[in-house]
There are 2 protein chains.
Amino acid sequence: MDVMDDIDSAIVRELQRDARQTNRELAHKLGIAPSTCLERVRALRARGVITGYRATVDLGALNRPVQALLTIRIRPMNREVIERFKAFLVSLPEVLNIYVVAGGDDFLVHVAVPDLDRLHTLLMDSVFKRREVVDCRSSVIYQHVANDVIGPLTV
Amino acid sequence: MDVMDDIDSAIVRELQRDARQTNRELAHKLGIAPSTCLERVRALRARGVITGYRATVDLGALNRPVQALLTIRIRPMNREVIERFKAFLVSLPEVLNIYVVAGGDDFLVHVAVPDLDRLHTLLMDSVFKRREVVDCRSSVIYQHVANDVIGPLTV
DNA sequence: CCCACCGCCGAATTTTATTCGGCGACAAGG
DNA sequence: CCTTGTCGCCGAATAAAATTCGGCGGTGGG
């Protein structure tokens, strides 16, 4: 029912690589009939294994070539403050990823901006204006490598 | 030629939201003909604005519910060592994202594992075994929010 | 004012997705 | 050992979508 066999794993791998390849191609690669393949893909979607299909974009082409990581500590550390601050971060168009982490730092925020000026402006006019922010360090990202195809772990 | 008008922006936005909606739907939303829409999408792909189409998966369903961030410093800091270590990270199936950052920390690595034991094993048996690693801190991720739809910045 | 160019359109064609009836493997029960 | 029910898979038929392409109209240059 909800166990992943080899074919399911291969489907997930292939669709992570290219979500727009035709069902025929995919079925052919796996050596199964297109109708069977379609059924499998739908089941994976329905089961929640596949959560969506997204186009990936070049940040440079969207005029946002500069990326940075913001390490932020907030106080007080209670649910309400955290949720409110998280909602604030989501509302910022510069934000790509928000990591809520254990340890000394509370938030790690991945942002993309047109240039360093805009990064500075973002910090000064948006982040530091929040009263709950007690500390924020920013690090420019030289390179970002995303592993888009999440494979199985050797068990 | 390579300027993004409003229609291009809308296409990019929509395909980030759902890369598998039909060209007809997309064209209808934008109020243009399907053939025109197809042409636009192909141009965006050819120009490199859209870099690919990926299925997103539920990490829990793939038996990797625990995520962490590894903050790693390596020495010596020269191109060769950095590239070699980066290649090593890419080869690890647990790795989701690699950020090469400025500042005190050199690498920030986003990983997903089945449980905390596997995180410990990963650190002990893979990361710490590398001679270039002089320091590594790990933080468990309580929540990860990804902004998959990158919008334009208000200019 | 005329002409050339470019993007857009929509009908025609090709390709693809989707449905569905049936087949064969497997398992449980007689 | 045979019967019977279930389940996943298959492939042909149908429906929908992608893709092509000839032509139209708007725009800018001459």
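In what follows, every heavy atom counts, from backbone to side chain, and hydrogens, waters and symmetry copies are set aside. So that the names make sense, note that chain A is the first sequence line, chain B the second, and so on, each numbered from 1.
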Can you tell if the side chain of A:H110 reaches within under 4.5 Å of the side chain of A:I141, non-hydrogen atoms only?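 Touching, per the 4.5 Å side-chain cut-off.
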Check: B:D106 and B:I72 side chains under 4.5 Å, non-hydrogen atoms: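 They are not in contact (no side-chain heavy atoms under 4.5 Å apart), so the answer is no.
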Parallel, tilted or perpendicular: which fits the ring planes of A:H144 and B:Y99, with parallel below 30° and perpendicular above 60°?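 Ring orientation of A:H144 relative to B:Y99: parallel.
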Give the rounded distance in Å between these two atoms: [atom1] of [X] and [atom2] of [N].
X     : N      : atom1 : atom2 : answer
B:I11 : C:dG7  : CD1   : P     : 14 Å
B:D5  : C:dC6  : CG    : C1'   : 14 Å
B:R42 : D:dA17 : CZ    : P     : 18 Å
B:R45 : D:dT19 : CZ    : P     : 13 Å
B:I32 : C:dC9  : CD1   : P     : 6 Å
B:L38 : C:dT16 : CG    : C1'   : 14 Å
A:Y53 : C:dA17 : OH    : C1'   : 13 Å

Run the side-chain contact (heavy atoms from CB on, under 4.5 Å) check on A:D8 and A:V49 step by step: do they pass? CA-CA 10 Å; A:D8 283 338; A:V49 176; over 6 Å; no
If the threshold is 4.0 Å, N to carboxylate O, is there a salt bridge linking B:R40 and B:D5?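 Yes, charged N to carboxylate O under 4.0 Å.
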Among the candidates D:dC9, C:dC9, D:dG11, find the nucleotide nearest to the side-chain atoms of A:E39.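 It is D:dC9.
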Which nucleotide in D:dG11, C:dT18, C:dC9 has an atom nearest any side-chain atom of B:A33: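 It is C:dC9.
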Quick check on C:dC9: is either OP1 or OP2 less than 4.0 Å from any side-chain nitrogen or oxygen of B:R40?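 No, outside the criterion.
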Check whether any side-chain N or O of A:T36 sits under 4.0 Å from OP1 or OP2 of D:dC10, and answer yes or no.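 Looking at the OP1 and OP2 atoms of D:dC10, one of them is under 4.0 Å from a side-chain N or O of A:T36.
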Can you tell me how far apart CG (B:N147) and CD1 (A:I98) are? Round to the nearest 0.5 Å.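 If we round to the nearest 0.5 Å, B:N147:CG and A:I98:CD1 are 8.0 Å apart.
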Residues of residues 22-29 of chain B with any non-hydrogen atom less than 4.0 angstrom from an atom of DNA chain D: list those, numerically ordered, please.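 Residues of residues 22-29 of chain B under 4.0 Å from DNA chain D: B:T22, B:N23, B:R24.
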Using a 4.0 Å heavy-atom cut-off across all strands, classify B:R20 as base, sugar-phosphate, or nothing.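 Counting heavy atoms under 4.0 Å across all strands, no contact is made by B:R20.
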To check you understand the geometry: which heavy-atom pair defines the closest contact between B:P114 and B:V66, and what is its length?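 Where B:P114 meets B:V66 most closely, the heavy atoms are O-CG2, 3.9 Å.
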